[in-house]
Amino acid sequence: MKMLRIKSLIVAFFVGLSFSLSAQNAFKDWQGFSENNTPAILTEQTYKDKSCIKLDGKNEAIIIRKDKKYENFRIDLDIASRVMGGIGFHVKNEQNYQFLYFRPGYGGTQEAIQYVPIYNGGLSWVMYHYPIYEAKAAIAQLEWFHATIEVRGRIMKVFVNYKKEPDLIVSLLDTDTDNGSILLRSMFGESYFANVYIQELPKILYEWSVSEQLVRDKTYEYTDIKKIKNWTKINDRRDEMVNLKRYYEYPNGTVFTRCNVVSEADKPKLMYFDFTGKLKVFLNGKEVYNYARFKLERLELYQNCTALELKKGDNELVFIIEGDASFFGEGFNAMGRKQHQNWGFVAGLADMAR
């Protein structure tokens, strides 16, 4: 068993454990288009001491990276814009994508950052606004600022100038796709983009089947899965946490959960995960992780990491998990009954570093 404690995404990024990182300073993998959707030639230049690409909003309005699709990702970049410059993601085509943009002329006001879904080319900025879809940020016209956009599941976080706390947190609205290309766009004037880095984040595992509830405080092994008679399929993409209390009227036991992982080849992947209570993890019947003590702390996707040796085709991933009742003795009192208060997990897969 290979096991790592990772305290933050930043640590995982710099030690290079798994994430696919791309640096596009030369923008060689990007294609440019005018505001009339005709091809544009991209030329790098220097603006205020940074090597960058300039989009004038007309002849060069959009640059798009079409060679790779991203679902969960983190993008870091420097932006200097006159009116409006931003990042499109989950791009299906030039008329449909998610869009996050900055208005430097409104720096310090509630209109400095705005998120809108682009449906069939429509920039519906009057429909999606403060206090949910807009936020303040200390930015100024044609002055460099740093932006970090992190998308995990349906949640987007936006950080300006290396802040530890996000300037904007928003639940993404539905579009036709939950993955796609990434583009950079300027409107109503020039924008400069530099030091663009895209980091692919673990793909959250949402599709699980959960067993009926079993008696807790008993030791279960993978072979006990044969005794399970009833399975319930779950798949809630609005919540990256698998909150097991949702599925049991009286949550006070132990359950088996299983997920099918399809691999295109025999290859290892890293599983990032966290949980409450006790947990055993099995891959294709083999134990890969076992925590028999009681764990009760705030869940983070990157707290734990273990290697999974996937085989080509279908792979069965099984969790045996008990919640926090034993932490409180017989359970925490929930209006007259002793039960689990925290019972669940989060898990995602990422490629090994190359």
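Throughout, residue positions are numbered sequentially from 1 according to the sequence presented.
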**Prompt:** Is Asp224 reaching over with its side chain to a backbone N or O of Tyr220, donor-acceptor style, under 3.5 angstrom?
**Reply:** no
**Message:** Show, in sequence, the C-alpha distance, side-chain angles and deciding distance for Tyr106 and Gln141, and conclude whether the side-chain hydrogen bond (donor to acceptor under 3.5 Å, both in side chains) test is met.
**Reply:** CA-CA 9 Å; Tyr106 289 87; Gln141 282 185 307; over 6 Å; no
**Message:** Please determine whether residues Leu244 and Ile225 belong to a single hydrophobic cluster, defined as Ile, Leu, Val, Met, Phe, Trp and Tyr linked transitively by side-chain heavy-atom distances below 4.5 Å.
**Reply:** no
**Request:** Measure from NZ or CZ of Arg258 to the centre of the six-membered ring of Trp231 and say whether it is under 6.0 Å with the direction within 45° of the ring axis.
**Result:** yes
**Prompt:** What distance do Leu168 atom CG and Ile113 atom CD1 have between them, rounded to the nearest 0.5 Å?
**Reply:** 6.0 Å
**Prompt:** Can you tell me how far the CG atom of Asn260 sits from the CG atom of Asp314, to the nearest 0.5 Å?
**Reply:** 4.0 Å
**Residue from Leu201, Val158, Ile75, Ile169 passing side chain to side chain contact (heavy atoms under 4.5 Å, CB included) with Glu150** = Leu201
**Message:** Give me the atom names and distance for the closest heavy-atom approach of Ser81 to Gly85.
**Reply:** OG-N, 3.3 Å
**Prompt:** Can you get from Val255 to Ile320 by hopping between Ile, Leu, Val, Met, Phe, Trp and Tyr side chains that sit under 4.5 Å apart?
**Reply:** no
**Item:** Asn315 side chain to Val262 backbone, donor-acceptor under 3.5 Å
**Value:** no
**Message:** Are Glu60 and Lys54 packed together at the side-chain level, in the sense that at least one heavy-atom pair is separated by less than 4.5 angstrom?
**Reply:** no
**Message:** Would the distance check show the side chain of Lys48 and the main-chain N or O of Leu142 forming a donor-acceptor pair, the cut-off being under 3.5 Å?
**Reply:** yes
**Item:** Check: Leu310 and Leu283 side chains under 4.5 Å, non-hydrogen atoms
**Value:** yes
**Asked** So does Asp176 pair up with Lys92, basic N to acidic O under 4.0 Å?
**Response** yes
**Message:** Tell me the closest heavy-atom pair linking Lys203 and Asn72, and the distance in Å.
**Reply:** CA-ND2, 3.5 Å
**Message:** Check the orientation of Tyr128 and Tyr133. Use parallel for under 30°, tilted for 30 to 60°, and perpendicular for over 60°.
**Reply:** perpendicular
**Complete:** With Phe89 as partner, the option from Tyr115, Phe73, Tyr97, Phe99 fulfilling ring-ring contact (aromatic ring centres under 6.0 Å, His included) is Phe73
**Asked** Distance under 6.0 Å and angle within 45° of the ring axis: does Lys245 meet both against Tyr247?
**Response** no
**Prompt:** When you check the gap from the basic side-chain N to the acidic O, do Arg237 and Glu207 get nearer than 4.0 Å?
**Reply:** yes
**Request:** Find out whether Phe275 and Val346 are in side-chain contact, i.e. whether some heavy atom of one side chain is under 4.5 Å from a heavy atom of the other.
**Result:** no
**Request:** Locate the shortest heavy-atom distance separating Phe193 from Phe27; write the atom from each residue and the value.
**Result:** O-CZ, 3.7 Å
**Prompt:** Should Ile182 and Leu42 be counted in the same cluster of Ile, Leu, Val, Met, Phe, Trp and Tyr side chains packed under 4.5 Å apart?
**Reply:** yes
**Asked** Just by modelled atom types, is the Val91 backbone N or O under 3.5 Å from a matching donor or acceptor in the Asn93 side chain?
**Response** no
**Asked** Can you say whether the rings of Phe332 and Phe328 are parallel (under 30°), tilted (30 to 60°) or perpendicular (over 60°)?
**Response** perpendicular
**Message:** For Glu71, is there an ion pair with Lys69 - N to carboxylate O distance below 4.0 angstrom?
**Reply:** no
**Asked** With a 4.5 Å limit on heavy-atom distance, are the side chains of Asn284 and Leu317 in contact?
**Response** no
**Message:** Are Ile198 and Ile79 connected into the same hydrophobic cluster when the rule is that any two of I, L, V, M, F, W, Y join if their side-chain heavy atoms are below 4.5 Å apart?
**Reply:** yes
**Message:** Distance check, rounded to the nearest 0.5 Å: Tyr272 atom OH versus Tyr302 atom OH?
**Reply:** 8.5 Å
**Short N-O contact, Asp274 and Lys295, less than 4.0 angstrom** = yes
**Request:** Ignoring hydrogens and angles, state whether a donor on the side chain of Arg216 or Ser326 is under 3.5 Å from an acceptor on the partner side chain.
**Result:** yes
**Asked** For Tyr206 and Arg238, does a side-chain donor sit closer than 3.5 Å to a side-chain acceptor?
**Response** no
**Request:** Kindly indicate, with the supporting measurements, whether the criterion salt bridge (Lys or Arg N to Asp or Glu O under 4.0 Å) is fulfilled by Glu200 and Lys68.
**Result:** CA-CA 10 Å; Glu200 190 170 12; Lys68 187 172 177 57; 3.4 Å; yes
**Glu322 (side chain) donor-acceptor with Thr254 (main chain) under 3.5 angstrom** = no
**Asked** Minimum heavy-atom separation for Gly331 to Lys338, with atom names?
**Response** O-CD, 3.2 Å
**Asked** What about Tyr289 and Phe256, same hydrophobic cluster or not, with Ile/Leu/Val/Met/Phe/Trp/Tyr joined at side-chain heavy-atom distances under 4.5 Å?
**Response** no
**Message:** Return the CD to CD1 distance between Glu94 and Ile62, rounded to the nearest 0.5 Å.
**Reply:** 8.0 Å
**Message:** Strictly distance-based, threshold 3.5 Å: is any side-chain N or O of Asn333 a donor or acceptor partner for the main-chain N or O of Gly336?
**Reply:** yes
**Request:** Measure from the side-chain N and O atoms of Gln31 to the backbone N and O of Pro39, and report whether any donor-acceptor pair falls under 3.5 Å.
**Result:** no
**Asked** Any side-chain heavy atom of Ile63 sitting closer than 4.5 Å to one from Ile53?
**Response** yes
**Request:** Flag this pair as yes if the NZ/CZ of Lys278 is under 6.0 angstrom from the six-membered ring centre of Tyr291 and inside a 45 degree cone about the axis; otherwise no.
**Result:** no
**Prompt:** Can Glu309 and Lys267 be counted as an ion pair, charged N to O under 4.0 angstrom?
**Reply:** no
**Prompt:** Would you say the side chains of Tyr222 and Glu316 form a donor-acceptor pair under 3.5 Å?
**Reply:** yes
**Message:** With heavy-atom distances below 4.5 Å as the criterion, would you say the side chains of Met241 and Thr276 are in contact?
**Reply:** no
**Request:** Please write out which residues are connected to Ile41 in a hydrophobic cluster, directly or through intermediates, given that two of Ile, Leu, Val, Met, Phe, Trp, Tyr count as joined at side-chain heavy-atom separations below 4.5 angstrom.
**Result:** none
**Prompt:** So, Asp76 side chain and Tyr197 main chain: donor-acceptor pair closer than 3.5 Å or not?
**Reply:** no
**Message:** Checking side-chain polar atoms at under 3.5 Å, does Ser34 have a donor or acceptor matched by the opposite partner on Asn59?
**Reply:** no
**Message:** Taking Arg246 first and then Asp236, would you say they form a salt bridge - that is, a charged N and a carboxylate O separated by under 4.0 Å?
**Reply:** yes
**Item:** Minimum heavy-atom distance Ile155-Ser171, with the two atoms named
**Value:** CD1-OG, 3.6 Å
**Message:** Could you check whether Asp174 pairs with Arg154 (Lys NZ or Arg NE/NH1/NH2 to Asp/Glu carboxylate O, under 4.0 Å)?
**Reply:** yes
**Asked** Minimum heavy-atom separation for Arg185 to Leu183, with atom names?
**Response** CB-CD1, 3.9 Å
**Message:** Is a donor from one side chain sitting under 3.5 angstrom from an acceptor on the other, for Asn179 and His90?
**Reply:** no
**Asked** Do Asn230 side-chain atoms and Glu212 backbone N/O form a donor-acceptor pair below 3.5 Å?
**Response** no
**Request:** For the residue pair Leu123 and Ile118, establish whether any side-chain heavy-atom pair is separated by less than 4.5 Å.
**Result:** yes
**Message:** Could you check whether Lys50 makes a cation-pi contact with Trp144, meaning its NZ or CZ is under 6.0 Å from the centre of the six-membered ring and within 45° of the ring axis?
**Reply:** yes
**Request:** State whether the number of non-hydrogen atoms from other residues, nucleotides or ligands found under 6.0 Å of Gln45 atom CD is greater than 12.
**Result:** yes
**Request:** Evaluate the side-chain proximity of Asp324 to Trp343: yes if any heavy-atom separation is below 4.5 Å, no if none is.
**Result:** no
**Message:** Strictly distance-based, threshold 3.5 Å: is any side-chain N or O of Asn243 a donor or acceptor partner for the main-chain N or O of Gly344?
**Reply:** no
**Request:** State whether Tyr101 and Arg103 meet the cation-pi test: NZ (Lys) or CZ (Arg) under 6.0 Å from the six-membered ring centroid, and within 45° of the perpendicular axis.
**Result:** no
**Message:** I'd like to know if Glu240 pairs up with Arg152 as an ion pair, taking the criterion as any Lys NZ or Arg NE/NH1/NH2 lying under 4.0 Å from an Asp or Glu carboxylate oxygen.
**Reply:** yes
**Item:** Polar contact flag, side-chain donor to acceptor under 3.5 angstrom, Ser186-Glu190
**Value:** no
**Message:** Is a donor from one side chain sitting under 3.5 angstrom from an acceptor on the other, for Tyr70 and Arg65?
**Reply:** yes
